[in-house]
A.B. asks: 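Please see the structure below; I have some questions.
Here is the naming used below: chain letters follow the sequence lines, and residue numbers restart at 1 for every chain.
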Number of protein chains: 2
Amino acid sequence: MLVDGQPYRTIWPHGDSVRIIDQRHLPFRFVIAELRSVSDTATAIREMQVRGAGLIGAAAAWGMWFAARESGGDESSLRRLAETLFATRPTAVNLRWAIDRQLAAIQSAADPVEAAHASAMAIAEEDAQACRQIGEHGLPLIRAIAETKHDGKPVQILTHCNAGWLAFVDYGSATAPIYAAHDSGIPVHVWVDETRPRNQGARLTAWELSRHGVPHTVIPDNAGGHLMQHGLVDLVITGSDRTTRTGDVANKIGTYLKALAAKDNHVPFYVALPSSTFDWTARNGITEIPIEQRSGEEVRWLDGEDAQGEIIAIRLFEEHSPAVNYAFDVTPNRLVTGLITERGQCPATEEGILQLFPECRAGRANSGT
Amino acid sequence: MLVDGQPYRTIWPHGDSVRIIDQRHLPFRFVIAELRSVSDTATAIREMQVRGAGLIGAAAAWGMWFAARESGGDESSLRRLAETLFATRPTAVNLRWAIDRQLAAIQSAADPVEAAHASAMAIAEEDAQACRQIGEHGLPLIRAIAETKHDGKPVQILTHCNAGWLAFVDYGSATAPIYAAHDSGIPVHVWVDETRPRNQGARLTAWELSRHGVPHTVIPDNAGGHLMQHGLVDLVITGSDRTTRTGDVANKIGTYLKALAAKDNHVPFYVALPSSTFDWTARNGITEIPIEQRSGEEVRWLDGEDAQGEIIAIRLFEEHSPAVNYAFDVTPNRLVTGLITERGQCPATEEGILQLFPECRAGRANSGT
C-alpha cells in the first residue's frame, strides 16, 4: 500500500538480508529495519517489530531462509533454528505453518538455500494475493449494507487491533474489504478500537486508514458496546491469529467482548482470514489454543510522543500493583456470523469451512493455498 | 480509609473552605486541594479532581454551601449557581439529587448559609454510612463463594473503574464488600480493569487496594472475558453513576461489555450503589439516561510517570485520527444478577427495588436516605 505516495509492503528481501517496517515506531516514526539472521528474525517477531498473523508467517518464512544458510545443510541444526523461530509467539498458527512449509521445501531441495528463498517469496506473494481476494469476497457485504442506506451515510464498521496491511504482507485481512469498498466509492467510516495494552488499533490501524484516506475514529476498547446499543455500528470485521476447523476464533484480547456485544445488538460479526490461519487440527478453541501471556510491564508502561515530539515511555500505575497480559482470547463460533477467506465467505462451522476447503476434510493437512 | 497510616475522607470542610484529595495526581502524588467558591467546585467536578457517584454528590452539596454564601439570599442568583454546578457532569444523578436537597434546605431555612453547611455535612455523613452498610450487605455474597472453595484459594472479584472510597466520601460502593471481606479474614483477590480512557482502575482502585493491603492485579479492559471463560472470576461487582427504577445501570463505559461476558460465563454480576444513585423517574436506561461525551483528547493524551519520576503527558496517536469519548454506558437490567444497597440486596427489577424502597412506589420522590 502507499506511504506518502510510495508503494510499500511490510517485508521484502534486499540482497543478502530482509527489510521490514519496524512497527514499534509507528505512527510517530517510519523506520525501515534490516534482518540478517535467524536471531534477528526471532527478535523482530518476539519484540513485535513485525506482528500480525500473515506478517509473522512471512517473517518466519524469511527466517527459515536464514536458517537454511546458517545450518549449512545440517538437519539437526536446521530443526534447532526452526524451534527458535517457533518459540517466539505461541498463538500464531501462521508461524508453524510457514516454518513447516519451509522445512519441507528445504529438505526436498538440491539447493536448500535457494529453495528457501524461492519458497519465502512464494509465501509472501500468496499472503498478499489471499488478502486481495479476501477484499473481493468481503466487498459485497459492505455494498449490501450501503444499499440499505438511503441517506448517503457511511457504512459504520468496527474493527479491533490491527488486521490491516501492516499485519500481513499487503492489503490486510479485516481491512481488505474496507479498502476495496472505499476504493470503489462506497462511503465507509471505521471505528478503530485502540486495543490495549499495545494499542495496535490507535497506532497502526488508524495510521494505515489515515494514509489511505479512509474516514475513521479512534475509540477506547470500552466503547464498542455503547456504540452498538445506539445503532452506530453496522458491521464488525476482525482478523484472527488462529481459527479452529470448527470456526472458533483466537484473536487479539478483547475480540470476544465485541463479539458478545455484536450478538446482543444484532450486529453482524465477521472474521477475515487467509486459510493459512486455520488450525485444521483443533476443534475447541477455548481448550485447545494456547494463549500467549506477555509481560505485565506492557500494561504498566506505554510510550508515545510528548509535547516536544520526543518518544517517551510512561508508567501508568504503581509497582505495588501487579499486572497480567494475555495477548489473545477466543471467540466461540456461535458468536461469529461468518468467515471471509480467499476462497469466499462461509459460516463459522466445520461443515461451512470444509465446503470451501474440501481437501482438509481428512484432518491434519494444511490447505497450502 | 487509611493513607500511609492517616485516616482520610475524600472531602471535608476546613474553616471557610472545603478540602479535597485532588485525584488527578494519584497514584503518583498525594495532593490536597482547597475549594473556596462555586466556581472552584464546578471546576473540580468538571476536571475530575473529584469524581465518582457519591463524591460528586458530596462536592455539589458543599458547592451549594458556597452558592448560599455567594447568592446573598437572592433566589435567582442561587438557582444560577446551582445550574453551574449541575452542568458539570450530566450523567451523575447524585449531582442533581444533592443540589435539589440543598435547594430545599436553603429555601426553608432562617439562616441559609448555616443550613447549607449542616445539610452538606449530613449528605457527606450519610454517603459514608450508606457505603459502610453496602459493605455489610455485600459481605455474605463473598463469604458464600469463599465457603465453596475448599482449597483456601481467594475469591476472585472483577471490578471496573473506581467505585472505591475515592469515588465516595468513604468505604466505596463496589469496594465496600471487598474491604469488609478482606477485613474479616476472607481471602480475596481483585482483578482491576484499568478503565480507559482515564484509567481510574489502574490509577485509583489499584492505589486504594494496595494501600489497604488487598491482593489485586491490574488488567487491560480487554481481558475480563478471557478470564471469565477460564473460570478465573467468581464475581463481578461494579458501581453505578445512575440506575433506573427498573434496574438499568449507567456506569463507566465498558461496564456493559463485562456484564455480557459475565452472563455468557454464568458469573454473578452485582452492582453496588447507595439509594442516592437511583433515578426514580427513569424506566429505560438506554433511551432515558443522558450519556456524557467528553473530549477525544482524553483518549489521545495520557499522563504518567517517566523513568525519572516526572509526570509527563504523551500523545498515543496522530492528530490525523479523530477520537470520541463516551464516559458511560448502560447495562440492561437483564444482565444484572442483583443490586447491593444500604438497605440490603435486591433483584435488578422495578418490583425488587421497590420492595426495598417502598416510599418510592409513587414515582418522582427521592428516597432521601
A.B. asks: Measuring only between side-chain heavy atoms, which start at C-beta, is A/His226 closer than 4.5 Å to B/Ile253?
C.D. replies: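 A side-chain contact exists here, since the closest heavy-atom pair is under 4.5 Å.
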A.B. asks: Can you tell me which of A/Gly224, A/Ala323, A/Gly225, A/Pro322 forms the most heavy-atom pairs within a distance under 4.5 Å of chain B?
C.D. replies: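 Most heavy-atom pairs under 4.5 Å with chain B: A/Pro322.
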A.B. asks: Closest heavy-atom contact between B/Ala261 and A/Leu257?
C.D. replies: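 That would be CB-CD2, 3.6 Å.
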A.B. asks: Are there residues of residues 204-211 of chain B that reach to under 4.5 Å of chain A by heavy atoms, and which ones?
C.D. replies: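 Only B/Ala206, B/Trp207, B/Ser210, B/Arg211 of residues 204-211 of chain B have a heavy atom under 4.5 Å from chain A.
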A.B. asks: Any Lys/Arg nitrogen of A/Arg334 or B/Asp264 sitting under 4.0 Å from an Asp/Glu carboxylate oxygen of the other?
C.D. replies: yes
A.B. asks: If you count heavy-atom pairs under 4.5 Å between each of A/Ile291, A/Ile286, A/Leu302, A/Ile311 and chain B, which one has the most?
C.D. replies: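 Heavy-atom pair counts peak at A/Ile286.
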A.B. asks: Counting heavy-atom pairs closer than 4.5 Å to chain B, which one of A/Asn199, A/Val330, A/Asn325 comes out on top?
C.D. replies: A/Val330
A.B. asks: Output the option from A/Lys258, A/Gln229, A/His216, A/His320 having the highest count of non-hydrogen pairs under 4.5 Å with chain B.
C.D. replies: A/Gln229
A.B. asks: In terms of side-chain heavy atoms, does B/Asn222 have a donor or acceptor partner in A/Tyr326 at a distance below 3.5 Å?
C.D. replies: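 Distance-only check fails for B/Asn222 and A/Tyr326.
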A.B. asks: Relative to chain A, which segment of B/Glu194 carries a heavy atom at a distance below 4.5 Å: side chain, backbone, both, or neither?
C.D. replies: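 Just the side chain, heavy atoms under 4.5 Å.
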A.B. asks: What parts of residues 232-243 of chain A touch chain B if we use heavy atoms and a cut-off under 4.5 Å?
C.D. replies: A/Leu232
A.B. asks: Considering only heavy atoms, which portion of B/Asp193 lies under 4.5 Å from any heavy atom of chain A: side chain, backbone, both, or neither?
C.D. replies: neither
A.B. asks: Quick one: which of A/Thr217, A/Val299, A/Leu227, A/Asp329 has the most heavy-atom pairs under 4.5 Å with chain B, could you say?
C.D. replies: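 Top count of heavy-atom pairs under 4.5 Å with chain B: A/Thr217.
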